[in-house]
> 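Have a look at this one.
Chain letters run A, B, ... following the sequence lines, proteins first and then strands; every chain starts at 1.
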Amino acid sequence: MQKDFIHIQKADFDLTTEVKALRKDDPRVGAVVTFLGTVRDMNDGSQVRGMTLEHYPGMTEKSLEEIITQARGRWDLYKTLVIHRVGPLLPEDQIVLVAVTSAHRGEAFAACEFIMDYLKTAAPFWKKEETPQGSKWVDARVTDDTAMARWN
Amino acid sequence: MKLELRFFASLREGLGLSGESIAAPPEVKTIADLRGHLVQRGNPWAEVLASGKVIRCALNQEMVSDSTALVEGAEVAFFPPVTGG
């Protein structure tokens, strides 16, 4: 059974619990690939004390559905999961989880990386960092566009 | 044409506004026209939506380009390039 789970939430999540749920009663699964993104205490040479994630409710979910649809068009996937946290976060906090199950690792690795690259350039999330110099919105990176472009 | 405008992140802060309902004049037909129309209000609009700034736009929650035609009753969102993940 193909199934996609998209959660935009303030709450933290547990990697093991999420992977267990995604694999549950699905003996076809031979590969689970996960990407876990965490908050760093440095960015662009400046100390980061914390950050706040803003998003566009409604469009965020739609854009993530579109990202997963595109991934499914490229690779043979069973289940997919995207959890993205919003609101205030601190260094070391978990911020994003992408998990993919498939029969084989190649498809799962590629799909997980694709979903993450696409999310970084197309999903409407914005970070505002707290630094010793005050708070500032994070600028989009050219390297994220480059990472996305290689899939085209 | 009636439109529901939405603003996010640095644009929302710069304008001090998360959204508003407007009745755009008939000559406003595309996203670019709408941006120009808002810039004509003067500051802070002119500064926040200045033509040199990279701003993304969504029409009814789909990312679109400047040349996309507006539709009656649409939700039009302006925001900076995204930085999630």
> Would you say that more than 12 heavy atoms from the other residues, nucleotides or ligands in this model lie under 6.0 Å from the CZ of A:Arg105, or not?
no
> Do you reckon A:Leu15 sits in the same ILVMFWY cluster as A:Val98, going by side-chain contacts under 4.5 Å, direct or chained?
no
> Is it the case that more than 12 heavy atoms not belonging to A:Phe13 sit under 6.0 Å from its CZ atom?
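Result for CZ/A:Phe13: enclosed.
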> Is it the backbone or the side chain of A:Thr121 that comes under 4.5 Å from a heavy atom of chain B, or both, or neither?
backbone
> Say whether B:Leu38 and B:Val76 are linked into one hydrophobic cluster, either directly or through other cluster members, by side-chain heavy-atom distances under 4.5 angstrom.
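Yes, B:Leu38 connects to B:Val76 through the hydrophobic network.
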> Which pair of non-hydrogen atoms, one from A:Pro57 and one from B:Phe8, has the smallest distance, and what is that distance?
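Scanning both residues completely, I find the closest heavy atoms to be CD-CE2, 4.4 Å.
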> Show the numbers, then the answer: is there a side-chain contact (heavy atoms from CB on, under 4.5 Å) between B:Phe79 and A:Met59?
CA-CA 12 Å; B:Phe79 44 79; A:Met59 182 176 168; 4.1 Å; yes
> Heavy atoms only, distances under 4.5 angstrom: which of A:Glu66, A:Lys120, A:His84 has the most pairs with chain B? Name it, please.
A:Lys120
> Would you say A:Lys128 and B:Glu13 make side-chain contact, with heavy atoms under 4.5 Å?
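A side-chain contact exists here, since the closest heavy-atom pair is under 4.5 Å.
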> Side chains of B:Thr83 and A:Phe125, heavy atoms from C-beta outward: is any pair under 4.5 Å?
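B:Thr83 does not reach A:Phe125 side chain to side chain.
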> With a 4.5 angstrom heavy-atom cut-off, could you sort out which part of A:Asp139 is near chain B: side chain, backbone, both or neither?
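A:Asp139 touches chain B through backbone heavy atoms alone.
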> Mind ranking A:Arg85, A:Lys136, A:His55, A:Lys127 by heavy-atom pairs under 4.5 Å with chain B and telling me who comes out on top?
A:Lys127
> Can you find a pair of side-chain heavy atoms, one from A:Trp126 and one from B:Arg12, that are under 4.5 Å apart?
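With C-beta onward as the side chain, the pair stays apart.
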> Would you indicate whether B:Lys53, at its atom NZ, is surrounded by more than 12 heavy atoms from other residues, nucleotides or ligands within a distance under 6.0 Å?
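Yes, because the 6.0 Å sphere around NZ of B:Lys53 holds more than 12 heavy atoms from other groups.
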> So for atom CD, which belongs to B:Glu72, do other residues, nucleotides or ligands contribute more than 12 heavy atoms lying within a distance under 6.0 Å?
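Atom CD in B:Glu72 is crowded, with more than 12 foreign heavy atoms closer than 6.0 Å.
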> Going hydrophobic residue to hydrophobic residue with side-chain gaps under 4.5 angstrom, can you get from B:Leu70 over to B:Trp45?
yes
> Grab the two heavy atoms, one from B:Val82 and one from A:Ala140, that are nearest each other, plus how far apart they are.
O-CB, 3.8 Å
